[in-house]
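Throughout, protein chains are lettered first and strands after them, A, B, ... in sequence-line order, and every chain is numbered starting at 1. These figures come from a predicted structure and were not determined experimentally.
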Amino acid sequence: MAFLKLAGTVTKRMGMKSACYMYPVVAREFTKTTRGHVELDSADCIYCGLCQRKCPTKAIEVNRQEKNWTIQPLRCIVCSGCVDVCPKKCLRMENTYSSSVTSKF
Amino acid sequence: MSKRTIIPFGPQHPVLPEPIHLDLVLEDEKVVQAIPRIGYVHRGLEKLVEKQEYANMVYVAERICGICSFIHAQTCSQAIEDLLPIEVPERALYLRTIWAEMSRTHSHLLWLGLMADAFGFEALFMHCWRLREKILDMVEDTAGGRVIFGSCKVGGVRVDIEDAKLKDIVIQYNDLEKEIKEITDVFVEDYSVKHRLVDVGVMSKEDAHVLGAVGPTMRGSGVAKDMRTLGYAAYKYLKFEPVVETAGDCYARTKVRIREVFQSIDLIRQAVAQIPGGPIAVKVTGNPTGSSFQCVEQARGDVAYYLKANGTKNLERFRVRTPTFANIPPLLKMLGGCELADVPVIVLSIDPCISCTER
Amino acid sequence: MIMRHEDIAIKIQPEELVGKVSGLQGDGCRLVQIACSKTKENNFELVYSFEKDYKFCNLTFEVPPDAEVESISSMCFSAFLYENEIHDLFGLKIKHIAVDFQGTLYETAVKYPMSVETK
């Protein structure tokens with residue numbers, strides 16, 4: 001029978017740095033592979049619409065005539081399917097999360 | 001006979017992370033019967049097959065549950081690969097196994113934390129989740145997502161883990177193992193913890209089998225059954241034995257999960273040592289036909305997928321039986337005859353995931 | 001491991017269900033799942049999966065949408081949730097369920113969302 005089993009761990013951790021960090025004073029570090037949000041280099045884009053067809057949530061809208069590419073960040077599930085399918089490799093997955101917004105669209 | 005009272009438990013209750021409702025019929029302080037009610041978070045994901053192509057169903061499957069996300073994606077891919085049919089490269093199978101075991105360790109640590117919270121041990125809860133955080137960081141580093149891995153697809157996996165990173169995972173797990181041991185010893189040995197778990201919610205081996213219990217709930221009652229022994233993915237190349245405890249109470253179920261954490265770490269070590277090189281995915285062509293039935297071991301128990309296809313881009317039927325769905329009847333059995341104060345601990349001991357259950 | 005549904009399926013008649021299930025129960029099989037799906041002829045196909053020592057066996061049969069199926073929850077109690085679910089999503093009537101929610105397990109906006117009529 002053991003009493004106060006956790007006491008040892010608690011005492012040890014007292015002298016150590018906190019496991020949490022002070023967000024947002026200390027910025028969160030993203031890894032290289034983190035899927036954050038989708039970005040487009042519009043100079044290379046040929047507006048083929050493959051990404052629109054591939055998108056499982058229909059978050060991307062491409063208009064070939066008007067040369068327009070839009071994404072609804074709130075619908076996007078960051079699966080990176082569009083990035084994989086892009087023939088010109090002009091879509092890329094940024095490793096930071098999309099920033100907060102004050103209105104829906 | 002004393003007077004019977006009916007006490008509603010849930011869907012909002014401090015111990016429940018998700019909504020399930022139980023009508024508890026009480027005689028004094030003893031529960032004599034429990035009647036479940038689910039249906040608060042039904043999302044109709046099975047109906048989505050009519051709109052989504054088969055390749056996109058992996059994303060849907062992954063979002064059935066936030067904790068078993070990777071194993072859902074793996075099972076869904078496995079079933080579709082079976083229907084196509086295509087052979088997946090060895091390396092992809094090993095990578096799937098490694099990610100599946102990582103998700104099992106983080107799921108069990110999450111559950112241990114929630115269990116500590118259920119019996120009122122806040123500090124222990126925080127320590128479990130501190131360790132889980134390190135696993136989540138590793139997952140983010142390898143797969144790209146923290147909870148939704150997003151790394152599995154039909155025909156293989158989407159990202160490779162470099163060999164240096166694989167070695168790093170093993171080194172990190174070696175360090176973690178010591179820390180996890182320190183924390184789990186509290187569950188196994190501490191007097192106050194044992195007081196809340198031993199002989200609470202006992203289920204016999206026969207009941208566990210007849211009522212169709214799955215996963216640690218079943219193995220805690222002495223049934224040695226683990227769907228990983230079927231040898232899907234890379235498990236056919238790895239050595240392991242199903243973890244069994246015989247007591248059938250909450251303490252036994254806790255011990256099963258604790259031992260499974262270490263078993264998973266060992267499986268990751270074995271997989272990293274054996275992983276072959278080569279491609280990580282094959283090209284997928286054609287549309288699926290026929291029907292497939294898959295049974296895969298998740299952290300909470302075995303998940304059964306039944307897929308039916310008719311040669312078009314959309315599957316005809318996408319049926320998922322999640323582990324918690326199968327664990328509700330055994331839960332009702334455990335609740336019969338327990339004390340009212342033990343109900344939260346018993347409900348949590350099956351590791352309920354209601355969003356999973358209702359899909 | 002490849003486990004095609006066709007390899008483990010056993011086709012039976014709807015009337016045989018109760019007898020077959022009690023036979024399997026007697027052999028020490030446990031219920032894994034019950035699945036319902038539509039067929040091309042607008043019937044329902046039911047799949048009852050059982051397992052013993054990692055050996056699976058799927059009992060399957062087809063019924064017309066207006067048929068009544070006998071519940072197996074008197075023999076395997078754990079079937080009651082599956083049967084209620086099938087009733088609520090597909091609208092297939094199942095008789096004598098041990099705990100019958102009478103269509104209130106899933107309260108969906110569209111009644112019987114996966115039924116044959118709505119498609």
**Student:** Under a 4.5 Å cutoff for heavy-atom pairs, which residue among A:Thr34, A:Thr57, A:Asp84 has the most contacts with chain B?
**Tutor:**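 Maximum pair count with chain B is reached by A:Thr34.
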**Student:** Side chain, backbone, both or neither: which part of B:Phe187 has a non-hydrogen atom closer than 4.5 Å to chain A?
**Tutor:**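 Looking at B:Phe187, nothing touches chain A.
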**Student:** What distance separates B:Arg130 CZ from A:Ser18 OG, expressed to the nearest 0.5 Å?
**Tutor:**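 With rounding to 0.5 Å, CZ (B:Arg130) is 10.0 Å from OG (A:Ser18).
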**Student:** For B:Glu179, does the CD atom sit with more than 12 other heavy atoms under 6.0 Å from it, leaving out its own atoms?
**Tutor:**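 Yes, the 6.0 Å shell around CD holds more than 12 heavy atoms from other groups.
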**Student:** Which residue out of A:Cys79, A:Gly36, A:Ala19 racks up the most heavy-atom pairs below 4.5 Å with chain B?
**Tutor:**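 Winner by heavy-atom pair count: A:Cys79.
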**Student:** Sort by residue number and list every residue of residues 155-170 of chain B having at least one heavy atom under 4.5 Å from chain A.
**Tutor:**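 Under the 4.5 Å heavy-atom cut-off, B:Arg158, B:Lys165 qualify.
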**Student:** For A:Gly81 versus B:Tyr59, what's the shortest heavy-atom pair and its separation?
**Tutor:**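 Looking at all heavy atoms of both residues, the closest pair is CA-OH, 4.1 Å.
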**Student:** A:Lys58 versus chain B, heavy atoms under 4.5 Å apart: side chain, backbone, both or neither?
**Tutor:**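 Interface part for A:Lys58: neither.
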**Student:** Find the one option among B:Ser192, B:Gly144, B:Ala123 whose heavy-atom pairs under 4.5 Å with chain A are most numerous.
**Tutor:**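 Greatest number of close heavy-atom pairs with chain A: B:Gly144.
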**Student:** Which pair of non-hydrogen atoms, one from A:Ile77 and one from B:Arg63, has the smallest distance, and what is that distance?
**Tutor:**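 The pair with the smallest heavy-atom distance is O-NH2, 3.3 Å.
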**Student:** Side chains of B:Ile183 and A:Thr9: does their closest heavy-atom pair fall under 4.5 Å?
**Tutor:**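 A side-chain contact under 4.5 Å exists here.
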**Student:** Where the side chain of B:Glu140 meets the backbone of A:Phe30, is there a donor-acceptor pair that is under 3.5 Å apart?
**Tutor:**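 Not a single qualifying donor-acceptor pair exists.
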**Student:** As an exercise, state the distance from CZ of B:Phe121 to CG of A:Leu6, rounded to the nearest 0.5 Å.
**Tutor:**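 So the gap between those two atoms works out to 4.5 Å.
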**Student:** Does anything in residues 89-98 of chain A get under 4.5 Å of chain B by heavy atoms, and if so which residues?
**Tutor:**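 Counting heavy atoms that sit under 4.5 Å from chain B, the residues of residues 89-98 of chain A involved are A:Tyr97.
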**Student:** Just how far is it from atom CG of B:Asn56 to atom NZ of A:Lys54, taken to the nearest 0.5 Å?
**Tutor:**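 So the gap between those two atoms works out to 5.5 Å.
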**Student:** Using the side chain to side chain contact (heavy atoms under 4.5 Å, CB included) rule, take B:Asp141 and A:Lys32 through it: C-alpha gap first, then chi angles, then the decisive distance, then the call.
**Tutor:** CA-CA 7 Å; B:Asp141 195 18; A:Lys32 258 191 217 147; 5.8 Å; no
**Student:** About how many Å separate OG1 of A:Thr31 and CG of B:Asp137, when rounded to the nearest 0.5 Å?
**Tutor:**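 Here the interatomic distance stands at 8.5 Å.
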